[in-house]
Protein chains: 2
Amino acid sequence: MKNLTFKQLRYFEALARHGHFRRAAEACGISQPALSMQIKEMEEEVGMELFERGARQVRLTGFGEEFAPRIREILRSVDELGDIARASRDRLVGRLRIGVIPTVAPYLLPSLLGNLGRLHKGLDVHVRETQTPRLIQELEEGRLDTAIVALPVSEAALTEITLFTENFVLVRPGADAGKPVPEPEAVREMRLLLLEEGHCFREQALSFCNMDMRTPPRDVLDASSLSTLVQMVDAGIGVTLIPEMAVAVETRSASVSVARFKDPEPSRTIGMVWRRTSPLASQLLQISEVVRRSIGALRDQHDGQRARDNVPGQ
Amino acid sequence: MKNLTFKQLRYFEALARHGHFRRAAEACGISQPALSMQIKEMEEEVGMELFERGARQVRLTGFGEEFAPRIREILRSVDELGDIARASRDRLVGRLRIGVIPTVAPYLLPSLLGNLGRLHKGLDVHVRETQTPRLIQELEEGRLDTAIVALPVSEAALTEITLFTENFVLVRPGADAGKPVPEPEAVREMRLLLLEEGHCFREQALSFCNMDMRTPPRDVLDASSLSTLVQMVDAGIGVTLIPEMAVAVETRSASVSVARFKDPEPSRTIGMVWRRTSPLASQLLQISEVVRRSIGALRDQHDGQRARDNVPGQ
DNA sequence: TCGTTGCGATAAGATCCTCTTATGAAAAAC
DNA sequence: GTTTTTCATAAGAGGATCTTATCGCAACGA
């Protein structure tokens, strides 16, 4: 049964339908002898006669009739493969496994998932939220299709594209609202609250204050989310830095003040990365556009809120 | 999608399983470039990349993963075709449509169907009981596989084999039991009860009495079954002829007498016919053996009963 | 950083398969 | 009895598929 071919199945089906070699051959677009040979070969392959050649008509044998519905079913399945392929040709479809770092996920995802669902119906999005090193590892193992992280990643096996750059802002207790913005070095002397180890944002914040990773600030509090940090500031425990993106969400229900730094403002660049070999490259570029659009929407929203709250703009 | 081949599907499956071209090729018994080419061709056919070629590993794309289970299902179905063929190779299997004339069916079928069911489990027997011309027509149209009729049929398109020959016996009212057996011509003068037009047995009986079909006997009664004929005789309405085969069943509950004719006894030959082109020929020969065995069992039963009832033997 | 190694892609030629046209044989139709 | 219809067979052309040899690329090790 190893040498059965699709052609033979199609020819079988045509012959069963027409009951006539010449007409069936015509329907298949081949000559009558070609069909005779293929049917014969198929019968040899199967080891049973499939058709009864009468003087005036060709009929399925009882055995052939057992084959016919199964063969039709197989041909249908194969045609369906074609349908699926055709349907997915230019459309982004199937599973998309996307990783996002925790300091981006809660702000970006609601908007992004909404847009993806609207723009790419039939796309099955899986989200993984964890820290950069694990995302990169899973990406390289093929367990993720892409990741949204802070650049640069600098992995030879990965392609990275920039999505946007955002500044960090200082979050202080509401009472500090009017005070001058401290110099980076001055922040070192304040009670600076930071995320726990492993978050790239922690390193970025430390780096801005010119702090070495081996000489941590006086009193660190290892929070697991920006939300916790802001709540801590609100409780008067200290100050913290958060990315602009998080301002709208995190300061909404807290009486804290937000202050921009003087130039050069601290910032981070968020980008998308994927395996250089990924065949999804072109689709991922499409996705990156959707991400930018989602960010844009967030920014507008943020700006609107900033105006209402009288938060210093840039 | 018209040029997909089974080979490609098998190669796809192997590559998906091994995640490695060389090993997959080895598993398929071909060289690595051959596999590369077929996969590439398949991808072109589909219009999508199915595998992601990484530096160190080969993985299914998300799209490929949608294909994989379907392809496995198709391969499974094809293998099943092989299984079915192998299982049916030497065994008589599937549907067997058998036609039987009404003057044989009620006596032969109980035993025959029992034997067929016992000897060929999995054989799906369909029985059609009607008169010879219709059986022959349905046979030639391919709506029956074989028919059991009185020979000869003399159709060029049909093969016929003899199953057995049986005599006709005279059935008279029980009161006539001791009377001498009449000459054939004498029967003509008796009130001879016959089957309705169309039954071959009617013609055979008439022929025995040297009656032309255009000069029917004085008082015909067109019965639709031998059973009816015997009941009529039992009621004293006349006499009839029935084949030996029917004696045991039909005279069991009637007080009629059965008499053999003097040589040459009237008789008929029952045989099996099928299309000369039927691929079932060899299986039908097997079937014919089962029929003979069934007839033999009937005869023995009949002989036993004849001995008990003191019916004249031959 | 530079060979080395492993892997898949590509190239060129041999082989096998499948198709076509031409023809044969058998049965049916006229 | 001749013609027609139909499927099978034969022989050769063309195409598909395989093999061996080789390339290019990336990862790995010294």
*Asks:* Figure out the CD1/P separation between B:Ile30 and C:dT15, and round it to whole Å.
*Replies:* 19 Å
*Asks:* Identify whether the distance between the nearest side-chain nitrogen and carboxylate oxygen of A:Glu289 and A:Arg292 falls below 4.0 Å.
*Replies:* yes
*Asks:* Which is true for B:Gln32 with a 4.0 Å heavy-atom rule: it touches a base, it touches only sugar-phosphate, or it touches nothing?
*Replies:* base
*Asks:* Provide, to the nearest angstrom, the distance between the CZ atom belonging to A:Arg23 and the C1' atom belonging to D:dT5.
*Replies:* 11 Å
*Asks:* Rounding to a whole Å, what distance do you find between A:Glu26:CD and D:dC7:C1'?
*Replies:* 16 Å
*Asks:* Nearest nucleotide by nearest heavy atom, which residue falls closer to the 5' end of DNA chain C, A:Met37 or B:Gly19?
*Replies:* B:Gly19
*Asks:* Roughly, in whole Å, what's the span from CZ in B:Phe51 to P in C:dC7?
*Replies:* 17 Å
*Asks:* Would you say C:dT18 has OP1 or OP2 under 4.0 Å from some side-chain N or O of A:Tyr11?
*Replies:* no
*Asks:* Expressed in angstrom and rounded to an integer, what is the separation of A:Phe6 atom CZ from C:dT18 atom C1'?
*Replies:* 17 Å
*Asks:* Any salt bridge linking B:Glu65 with A:Arg97? Criterion: basic side-chain nitrogen under 4.0 Å from a carboxylate oxygen.
*Replies:* no
*Asks:* What is the nucleic acid contact for B:Arg276, judged by heavy atoms within less than 4.0 Å: base, sugar-phosphate only, or nothing?
*Replies:* sugar-phosphate
*Asks:* With a 4.0 Å cut-off, would you call A:Arg10 and A:Glu13 a salt bridge?
*Replies:* no
*Asks:* Under 4.0 Å from OP1 or OP2 of D:dA8: is there any side-chain N or O of A:Arg53 that close?
*Replies:* yes
*Asks:* Find the distance A:Arg22:CZ to D:dT9:P and express it as a whole number of Å.
*Replies:* 19 Å
*Asks:* Counting side-chain heavy atoms from CB outward, which of D:dC18, C:dG8, D:dC7 is closest to B:Gln38?
*Replies:* D:dC18
*Asks:* Are any of B:Ser36's side-chain N or O atoms less than 4.0 Å away from OP1 or OP2 of C:dA9?
*Replies:* yes
*Asks:* Can you tell me if B:Lys7 touches the phosphate of D:dA16, counting only side-chain N or O atoms and a distance under 4.0 Å to OP1 or OP2?
*Replies:* no
*Asks:* Looking only at side chains, do B:Gln32 and B:Ser36 share a donor and an acceptor under 3.5 Å apart?
*Replies:* yes
*Asks:* Ignoring hydrogens and geometry, is there a side-chain-to-backbone donor-acceptor pair from B:Arg275 to B:Leu144 under 3.5 Å?
*Replies:* yes
*Asks:* Whole-Å distance between D:dT17 C1' and B:Glu41 CD?
*Replies:* 9 Å
*Asks:* Mind calculating the distance between CZ (B:Phe21) and C1' (C:dT10) to the nearest angstrom?
*Replies:* 13 Å
*Asks:* Is any side-chain nitrogen or oxygen of A:Lys40 closer than 4.0 Å to OP1 or OP2 of D:dT9?
*Replies:* yes
*Asks:* Nearest heavy atom decides the nucleotide; on that basis, is A:Ala156 or B:Pro33 closer to the 5' end of DNA chain D?
*Replies:* B:Pro33
